[in-house]
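These notes concern the structure reproduced below.
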Amino acid sequence: MHTKKWVVIIISIILMATISACKTEKEKDSIESNEEEEPSVTEDDDKSEVVTIEDKIFLYEDLEFYKLMNQIQVDINLEEERSTIDEENIEERAEFWNEQLEYYENVNVNLQSLIETYAMSLLAEEKNFFVPDEKIETEVDKLLKQIENNESIRRRIDDYGEKRYNRNIREYVRQTKLRDRIISELEADIIEENGDLEENEISYLVETEFEDLYAAQLSTLDMNIHIQ
């Protein structure tokens with residue numbers, strides 16, 4: 001889902017207000033203590049809470065993992081395009097994907113991604129959907145092959161920490177597959193009801209209904225954003 005959802009815009013406003021307030025307070029403290037530089041990220045920062053959804057607490061390190069996975073997907077997309085696009089246009093597309101990598105440097109973007117994935121995975125569980133362990137392992141193995149064949153991805157994981165990656169990847173895959181199951185169900189229903197539509201029309205309807213479903217799901221969840 002790449003277009004701007006109105007519900008995501010609302011979350012963005014909340015996030016920007018929260019971060020702005022935190023920055024203002026930090027700037028005030030900095031002036032009072034004559035400190036000009038913000039501290040770098042430490043292990044304590046990794047353990048700081050960023051959002052609570054129902055009884056699930058997500059930490060800064062979870063947010064960093066979503067950033068990693070979002071950027072890995074960009075690397076995968078670029079690599080796939082390299083095998084299908086002509087040489088004249090590859091530089092232009094590479095520039096586009098580089099912009100996408102910069103996009104995922106934004107803490108709000110990755111937090112939105114985390115919230116959406118987890119919220120919709122909860123909805124899938126309410127519908128009694130589940131992801132078999134063998135399917136999770138298949139996806140993990142698929143990613144492993146892509147990592148081995150892509151220097152950019154390999155470097156990202158090395159920088160992030162391979163042990164940390166291995167610790168988080170299976171639960172991430174489980175949640176994303178549950179979210180995708182919701183999307184697949186919407187698509188199947190739309191195709192059944194509107195079999196004569198073009199593919200782009202079906203995609204538009206799927207996205208619109210997903211947005212509505214996501215907004216409805218968020219309204220049922222107890223969520224607190226507490227970026228520090």
Fill in the blank from the handout: Applying salt bridge (charged side-chain N to carboxylate O under 4.0 Å, His left out) to E137 and not counting sequence neighbours gives R170

Handout entry: Flag, side chain of T220 to backbone of Q217, donor-acceptor distance under 3.5 Å
Key = yes

Exercise for the section: Kindly determine whether Y103 and E99 satisfy side chain to side chain donor-acceptor pair (under 3.5 Å), including the steps that lead there. Expected result: CA-CA 6 Å; Y103 177 69; E99 290 174 356; over 6 Å; no

Exercise for the section: State, with a plain yes or no, whether a side-chain heavy atom of V51 is found less than 4.5 Å away from one of N224. Expected result: no

Exercise for the section: Answer yes or no: is there a side-chain heavy-atom contact under 4.5 Å between V131 and V173? Expected result: no

Exercise for the section: State the CD1-CD distance between I72 and Q146, to the nearest 0.5 angstrom. Expected result: 9.5 Å

Problem - Exam field: side chain R179 to backbone Q175, donor-acceptor pair closer than 3.5 Å - result: no

Problem - Modelled atom types, side-chain donor and acceptor of Q71 and E105, under 3.5 Å - result: yes

Handout entry: Pair Q112-E116, side chain to side chain donor-acceptor pair (under 3.5 Å): steps then yes or no
Key = CA-CA 6 Å; Q112 289 164 10; E116 178 186 296; over 6 Å; no

Handout entry: pair E61-R167: side-chain heavy atoms closer than 4.5 Å
Key = yes

Exercise for the section: If the plane angle is over 60° it's perpendicular, under 30° parallel, otherwise tilted; pick one for Y165 and F65. Expected result: tilted

Problem - Heavy-atom donor-acceptor pair, E201 side chain to E198 backbone, under 3.5 Å - result: yes

Practice task
For D159 and R155, run side-chain contact (heavy atoms from CB on, under 4.5 Å): C-alpha distance rounded to whole Å, both residues' side-chain angles, the deciding distance at 0.1 Å, then the answer.
Solution key: CA-CA 6 Å; D159 290 343; R155 187 165 55 248; 4.0 Å; yes

Practice task
Tell me yes or no: between the side chains of E81 and N77, is some donor less than 3.5 Å from an acceptor?
Solution key: no

Handout entry: Flag side-chain contact, heavy atom, 4.5 Å: L59 against V50
Key = no

Practice task
Could you tell me whether the side chain of I202 reaches within less than 4.5 Å of the side chain of N194, counting heavy atoms only?
Solution key: no

Problem - Crowding at CZ, R154 (>12 non-hydrogen neighbours, <6.0 Å) - result: yes

Practice task
Take atom CD of E126 as the centre, draw a 6.0 Å sphere, and report whether it contains more than 12 heavy atoms from other residues, nucleotides or ligands.
Solution key: yes

Exercise for the section: Measure from the side-chain N and O atoms of N150 to the backbone N and O of I153, and report whether any donor-acceptor pair falls under 3.5 Å. Expected result: yes

Practice task
Walk me through it: do K127 and E185 pass the test side-chain contact (heavy atoms from CB on, under 4.5 Å)?
Solution key: CA-CA 11 Å; K127 293 174 171 287; E185 183 183 53; 3.7 Å; yes

Exercise for the section: Assess whether atom CG of D222 is packed by more than 12 heavy atoms of other residues, nucleotides or ligands within 6.0 Å. Expected result: yes

Practice task
Considering non-hydrogen atoms only, spot the tightest contact between I53 and F58 and give its length.
Solution key: CD1-CE1, 4.0 Å

Fill in the blank from the handout: Between the CD1 atom in I225 and the CG atom in L111, the distance rounded to the nearest 0.5 Å is 5.5 Å

Problem - Short N-O contact, E125 and R174, less than 4.0 angstrom - result: yes

Problem - Spatial distance of atom CD1 (I182) from atom CD (E209) [nearest 0.5 Å] - result: 12.0 Å

Problem - same_hphob_cluster(F130, M120) at 4.5 Å side-chain heavy-atom cutoff - result: no

Problem - Linked, directly or transitively: F96 and V109 (ILVMFWY side chains, under 4.5 Å) - result: yes

Practice task
Report the distance from atom OG of S113 to atom CG of L63, rounding to the nearest 0.5 Å.
Solution key: 9.0 Å

Exercise for the section: Test L143 against M69 for side-chain contact (heavy atoms from CB on, under 4.5 Å), laying out the working first. Expected result: CA-CA 10 Å; L143 284 169; M69 295 309 299; 4.3 Å; yes

Exercise for the section: Would you check if T52 and M223 make a side-chain contact, meaning some heavy-atom pair closer than 4.5 Å? Expected result: no

Problem - Y104/Y66 under ring pair (Phe, Tyr, Trp, His ring centres under 6.0 Å): CA gap, chis, key distance, verdict - result: CA-CA 9 Å; Y104 287 118; Y66 267 79; over 10 Å; no

Exercise for the section: Evaluate the side-chain proximity of R156 to L101: yes if any heavy-atom separation is below 4.5 Å, no if none is. Expected result: yes

Exercise for the section: Return yes if some donor-acceptor pair links the side-chain N/O of N98 with the main-chain N/O of A94 below 3.5 Å, else return no. Expected result: yes

Practice task
May I ask whether L68 and L144 are part of the same hydrophobic cluster, defined by side-chain heavy atoms of I, L, V, M, F, W, Y residues being less than 4.5 angstrom apart, directly or through others?
Solution key: no

Exercise for the section: Indicate yes or no: at least one non-hydrogen side-chain atom of Y160 is less than 4.5 angstrom from one of K67. Expected result: no

Exercise for the section: State whether K135 and E139 are salt-bridged, where the test is any N-O pair (Lys NZ or Arg NE/NH1/NH2 against Asp/Glu carboxylate O) under 4.0 Å. Expected result: no

